[in-house]
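Notes follow once the structure below has been shown.
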Amino acid sequence: MKVKITCVQMDIAFGNPNKNYEIAEKRIEEAMRENPDIIVFPELWTTGYDLKRLDTIADKNAGTTIEFFKNAAKKYHVHFVGGSVANRSDKGVKNTLLIINNEGQLVHSYSKLHLFKLMDEHLYLDAGEEKGLFELVNRTFGGVICYDIRFPEWIRAHTANGAEALFVVAEWPATRLSHWRSLLIARAIENQCFVIACNRSGHDPNNQFAGHSMIIDPWGEVLAEAGANEELLSAEIELDLVKDIRKQIPIFEDRRPDLY
């Protein structure tokens, strides 16, 4: 089964959700020229890392962002791995990934499990607890957020439960670009799955971001990679390849979780 993916590698207007919705609307219109089945957005794309003001600029119950993607999904009949959004509830703020299908239904949400203390996430965000497993196009996928890729046991929790592709949404800094590339390729190889990683570009008052969104096959071959600037990155993936590779090298059958 072939699926066309387009990643929206965008710069983010710091702390300005209204501006970012305007940018996103234009990027979706541009992305549809690629005829994608799934469009992917980066992490915290409505606010960027304006963490100190999340009490006022975070999206209450992610409602505005969910409605934004629902309308776009129905208009263009396309699925969204809608990046993540600062999601404010009465209990606090979480960094939440949104999955919307091409009928405009919220399929799943996943809140970032591992908070990145080097960027003060733990001071302003609450960690999630649920898995990122979801269904789109009648297949099982996993969704994780940025720092999560440094925890291979968390990724395996998804692929061991059937995920054939891993969607990664991120605001990964340019200073650790080599880690970004190496970790993503390793996660693809060791899990024998596709990895679709959408990073942001540009900078905020404290950070320069790497860009370099990537689409990687289960052998670790890079099918497409963006540069450092704003870009739409597209590639077609053949999901049936996952089953073939897992038969050739049956690592899931050979695991010894009873001893790990």
Side-chain angles (χ1 to χ4, degrees), residues 5-15 20 23-24 27 39-51 54 81-86 94-98 110-125 127-128 132 142-155 158 165-191 193-216 220 222-235:
I5 312 285
T6 296
C7 295
V8 178
Q9 181 172 291
M10 60 183 282
D11 196 356
I12 295 170
F14 188 70
N20 289 316
I23 294 169
R27 296 293 178 268
I39 297 176
V40 189
F41 272 75
E43 178 185 17
L44 291 178
W45 66 269
T46 62
T47 59
Y49 265 90
D50 191 357
L51 300 181
L54 289 186
V81 175
S84 74
V85 60
K94 292 183 177 181
N95 182 350
T96 303
L97 171 67
L98 303 170
Y110 159 73
S111 294
K112 192 173 187 177
L113 193 78
H114 303 97
L115 299 181
F116 191 48
K117 293 180 180 178
L118 287 181
M119 291 179 74
D120 291 336
E121 289 184 356
H122 63 300
L123 301 179
Y124 302 97
L125 295 166
V144 298
I145 301 173
C146 203
Y147 188 42
D148 283 334
I149 65 172
R150 288 189 181 273
F151 299 86
E153 65 273 31
W154 183 232
I155 306 305
H158 295 78
L166 181 74
F167 288 85
V168 180
V169 304
E171 289 203 36
W172 196 277
T175 53
R176 289 183 289 278
L177 172 59
S178 63
H179 289 193
W180 167 256
R181 299 190 77 261
S182 297
L183 288 166
L184 292 172
I185 292 169
R187 298 296 86 89
I189 294 169
E190 69 194 8
N191 289 285
C193 70
F194 286 94
V195 170
I196 299 97
C198 185
N199 196 25
R200 70 161 289 183
S201 64
H203 61 87
D204 68 16
N206 300 306
N207 305 280
Q208 181 71 37
F209 295 95
H212 285 268
S213 298
M214 301 174 72
I215 300 175
I216 306 163
V222 178
L223 303 179
E225 181 173 358
N229 299 319
E230 288 191 296
E231 186 174 338
L232 296 175
L233 181 75
S234 296

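Side-chain atoms are counted along with the backbone in the values below, which use heavy atoms only and exclude waters and symmetry mates. Every value quoted in this text rests on a predicted model; they were computed, and no experiment measured them.
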Original post:
Can you find a pair of side-chain heavy atoms, one from Pro205 and one from Phe14, that are under 4.5 Å apart?
Top reply: yes
Original post:
Will you find, in the side chains of Asn95 and Tyr147, an N or O donor that is under 3.5 Å from an N or O acceptor?
Top reply: no
Original post:
How long is the gap from CZ on Arg27 to CD on Glu231, to the nearest 0.5 Å?
Top reply: 11.5 Å
Original post:
Which atoms form the tightest heavy-atom contact between Leu184 and Ala197, and what is the distance?
Top reply: CD1-CB, 3.5 Å
Subject >> Heavy-atom check, side chain of Ile39 versus side chain of Val8, under 4.5 Å >> reply: yes
Subject >> Non-hydrogen atoms of His203 and Phe209 that approach each other most closely >> reply: CA-CD1, 4.0 Å
Original post:
Atom CD1 in Ile23, atom CD1 in Ile12: separation rounded to 0.5 Å?
Top reply: 8.5 Å
**OP:** For side-chain contact (heavy atoms from CB on, under 4.5 Å), just list the numbers for Met119 and Asn206, CA-CA rounded to whole Å, side-chain angles, deciding distance to a tenth of an Å, and then say yes or no.
**Re:** CA-CA 10 Å; Met119 291 179 74; Asn206 300 306; over 6 Å; no
Subject >> 4.5 Å side-chain heavy-atom contact, Leu166 and Asn191 >> reply: no
Original post:
Hey, are the side chains of Leu232 and Gln9 touching, using non-hydrogen atoms and a 4.5 Å cut-off?
Top reply: no
Subject >> Close side-chain approach of Asp148 to Lys112, heavy-atom, < 4.5 Å >> reply: yes
**OP:** Quick one: closest heavy-atom pair of Val169 and Ser84, and the distance?
**Re:** CG2-N, 4.2 Å
Subject >> Nearest heavy atoms of Ala224 and Ser234, plus distance in Å >> reply: CB-O, 3.8 Å
**OP:** Test side-chain contact (heavy atoms from CB on, under 4.5 Å) on Trp154 and Leu113 and set out the steps.
**Re:** CA-CA 9 Å; Trp154 183 232; Leu113 193 78; 3.6 Å; yes
**OP:** Give the minimum heavy-atom separation between Ala86 and Thr47, together with the two atoms involved.
**Re:** CB-OG1, 4.2 Å
**OP:** Taking the side chain as every heavy atom from C-beta outward, state whether Leu44 and Arg200 have any atom pair closer than 4.5 Å.
**Re:** no
**OP:** Return yes if some donor-acceptor pair links the side-chain N/O of Ser213 with the main-chain N/O of Asn199 below 3.5 Å, else return no.
**Re:** yes
**OP:** Name the orientation class of the two ring planes belonging to Trp172 and Trp180 (parallel below 30°, tilted from 30 to 60°, perpendicular beyond 60°).
**Re:** tilted
Original post:
In terms of ring plane angle, is the pair Phe151 and His114 parallel, tilted or perpendicular, where the classes change at 30° and 60°?
Top reply: parallel
Subject >> Non-hydrogen side-chain atoms of Ile155 and Val144 separated by less than 4.5 Å >> reply: yes
Original post:
Is the backbone of Gly132 close enough, under 3.5 Å, to the side chain of His158 for a donor and an acceptor to pair up by distance?
Top reply: yes
Original post:
Within a strict 4.5 Å, meaning less than it, do heavy atoms of the Ile5 and Phe194 side chains meet?
Top reply: no
**OP:** Would you check if the side chain of Glu43 reaches a backbone N or O of Glu171 as a donor-acceptor pair within less than 3.5 Å?
**Re:** yes
**OP:** Please lay out, stage by stage, how Leu125 and Lys94 fare under the test side-chain contact (heavy atoms from CB on, under 4.5 Å).
**Re:** CA-CA 5 Å; Leu125 295 166; Lys94 292 183 177 181; 5.8 Å; no
**OP:** Drop me the distance from Tyr124's OH to Asp50's CG, to the nearest 0.5 angstrom.
**Re:** 10.0 Å
**OP:** For Gly202 and Asp11, work out which heavy atoms get closest and say how close.
**Re:** CA-OD1, 3.6 Å
Original post:
Roughly how far, to the nearest 0.5 Å, is the NE2 atom of His122 from the CG atom of Leu51?
Top reply: 11.0 Å
**OP:** To the nearest 0.5 angstrom, please state how far the NE2 atom of His212 sits from the CG atom of Leu233.
**Re:** 11.0 Å
Subject >> From CA spacing to verdict: side-chain contact (heavy atoms from CB on, under 4.5 Å), Cys198, Ile196 >> reply: CA-CA 7 Å; Cys198 185; Ile196 299 97; 5.9 Å; no
**OP:** For the pair Phe41 and Trp45, name the ring-plane relationship: parallel under 30°, tilted 30 to 60°, perpendicular over 60°.
**Re:** tilted
Original post:
Under the 3.5 angstrom rule, does the side chain of Arg187 hit a backbone N or O of Ile149 as a donor-acceptor pair?
Top reply: yes
